[in-house]
Amino acid sequence: MTRALEIRSSGRFGRPLRHLPEVDSSNTEALRWLDADPPAPEGAVVVADRQTAGRGRWGRPWISSPESSLLFSLVLRPAWDLDYLGLLTVGAGVACAETLSGEAVIPARLKWPNDVVVGDRKLAGILTETRASGGAIDGVVVGIGVNLEVPSSLPAEIRGRTTSVTGEARRRGATIPGRDRLLAAILEHIEQVYDLIGSEGGRRSLTKRAEALMPMLGEDVDLFFPDGSRQRATARRLLPDGALEVETTEGVVPIRVAELKRVRAPE
Ligand code: BTN
């Protein structure tokens with residue numbers, strides 16, 4: 001049964017809020033809202049109890065079972081230019097990881113660019129989508145899926161690489177935060193992170209905060225690119241636009257779009 005969502009966010013984000021028992025994808029719904037008349041204002045949020053066509057990066061499906069996930073999409077209308085979009089995705093990851101550490105003592109970390117992980121297991125994923133015209137941003141949708149439980153419908157192979165807020169909190173004897181509380185806390189955290197992206201000093205400090213959550217820095221990683229190619233590199237640092245600086249046999253280069261796998265799994 002679906003219960004009304006109660007979020008007590010003290011900030012700008014989460015107003016107005018559409019809470020839907022079922023939708024194809026909260027990101028798709030938020031993009032439709034951006035295109036509507038009147039369009040979704042900055043801070044608008046779509047929360048779904050279940051998605052019938054949840055989307056992940058690179059056209060992959062995002063599988064979540066009813067009531068076992070926090071699924072939401074936040075509408076933003078940033079005044080800054082497209083160059084910093086990568087940092088927004090990383091910043092949303094910082095907001096999720098820091099919230100989970102604070103609310104549930106979960107040592108959540110970032111797997112650049114859009115995964116929140118505990119060890120090598122994924123806890124949450126972020127999908128940022130943009131409406132832009134002529135180099136300017138009309139609107140951005142930041143979609144976040146947090147596993148409250150590991151969805152039972154996940155294929156076994158993905159299940160082994162997935163974890164949940166409930167499982168991680170229980171393992172540490174911590175109180176399991178409710179969905180509404182987690183949503184409000186993440187929204188407040190994203191708001192704080194978002195405000196940093198507007199200034200050079202803010203971007204520098206956000207980059208440092210993100211780097212502190214990225215255990216793969218200094219390690220060898222395999223990079224997988226959308227065209228199917230792959231490259232071994234050493235992850236060096238996060239750049240202020242959210243790109244990952246890596247060192248390859250060809251030199252030091254910024255990477256903006258890739259998936260990353262650590263060559264040596266953590267103990
Ligand atoms: C990824 O890890 O590939 C990104 C997953 C993003 C999933 C969330 S769930 C809420 C929002 N709606 C979607 O369809 N996708 C995002």
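Both ligands and their constituent atoms are indexed starting at 1 by order of listing. Nothing fancy with the numbering, it's 1 onward along the sequence. No hydrogens, no waters, no symmetry mates; every other heavy atom, side chains included, goes into these values.
- Ligand 1 does not have Trp58 within reach: every non-hydrogen atom of the residue lies 4.0 Å or more from it.
- By the criterion of a heavy-atom distance under 4.0 Å, the side chain of Asn114, and not its backbone, is placed next to ligand 1.
- Atom 2 (O) of ligand 1 has as its closest protein heavy atom Lys122 NZ, 2.5 Å.
- Here the shortest heavy-atom distance to atom 16 (C) of ligand 1, taken over Arg55, Glu259, Glu29, belongs to Arg55.
- Set against the non-hydrogen atoms of Ile126, the atoms of ligand 1 under 4.0 Å away are 4 (C).
- Nearest protein heavy-atom neighbour of atom 8 (C) of ligand 1: Gly145 N, 3.6 Å.
- Among all protein heavy atoms, the one lying closest to atom 3 (O) of ligand 1 is Arg57 N, 2.7 Å.
- Within the 3.5 Å criterion, the main-chain N or O of Phe225 finds no donor-acceptor partner in the side chain of Ser229.
- Looking at Ser69, its side chain never comes within 3.5 Å of a backbone N or O of Leu71 through a donor-acceptor pair.
- A donor-acceptor pair is defined here as one N or O able to donate and one able to accept, closer than 3.5 Å; such a pair exists between the side chain of Lys111 and the backbone of Leu260.
- In terms of protein heavy-atom proximity, atom 12 (N) of ligand 1 is closest to Gln51 OE1, 2.9 Å.
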Item to check | Trace of the salt bridge (Lys or Arg N to Asp or Glu O under 4.0 Å) decision for Arg121 with Glu168 | outcome: CA-CA 11 Å; Arg121 288 174 178 248; Glu168 295 294 338; over 6 Å; no

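- Note that the CG atom of Leu110 and the CD1 atom of Ile126 stand 7.5 Å from one another [nearest 0.5 Å].
- Which parts of ligand 1 touch Leu71 is read off a 4.0 Å heavy-atom cut-off, strictly below it: atoms 9 (S).
- Separating the CZ atom in Arg60 from the CD1 atom in Ile158 is a distance of 9.0 Å, to the nearest 0.5 Å.
- Nearest to atom 5 (C) of ligand 1 among the protein's heavy atoms is Trp62 CE3, 3.3 Å.
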Next on the checklist: Test salt bridge (Lys or Arg N to Asp or Glu O under 4.0 Å) on Arg57 and Asp115; report intermediate values, then the result.
Outcome noted: CA-CA 10 Å; Arg57 266 180 112 216; Asp115 288 352; over 6 Å; no

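- Neither the backbone nor the side chain of Thr28 has a heavy atom within less than 4.0 Å of ligand 1.
- Looking only at atom types and distance, the side chain of Ser133 has a donor-acceptor partner in the side chain of Asp138 under 3.5 Å away.
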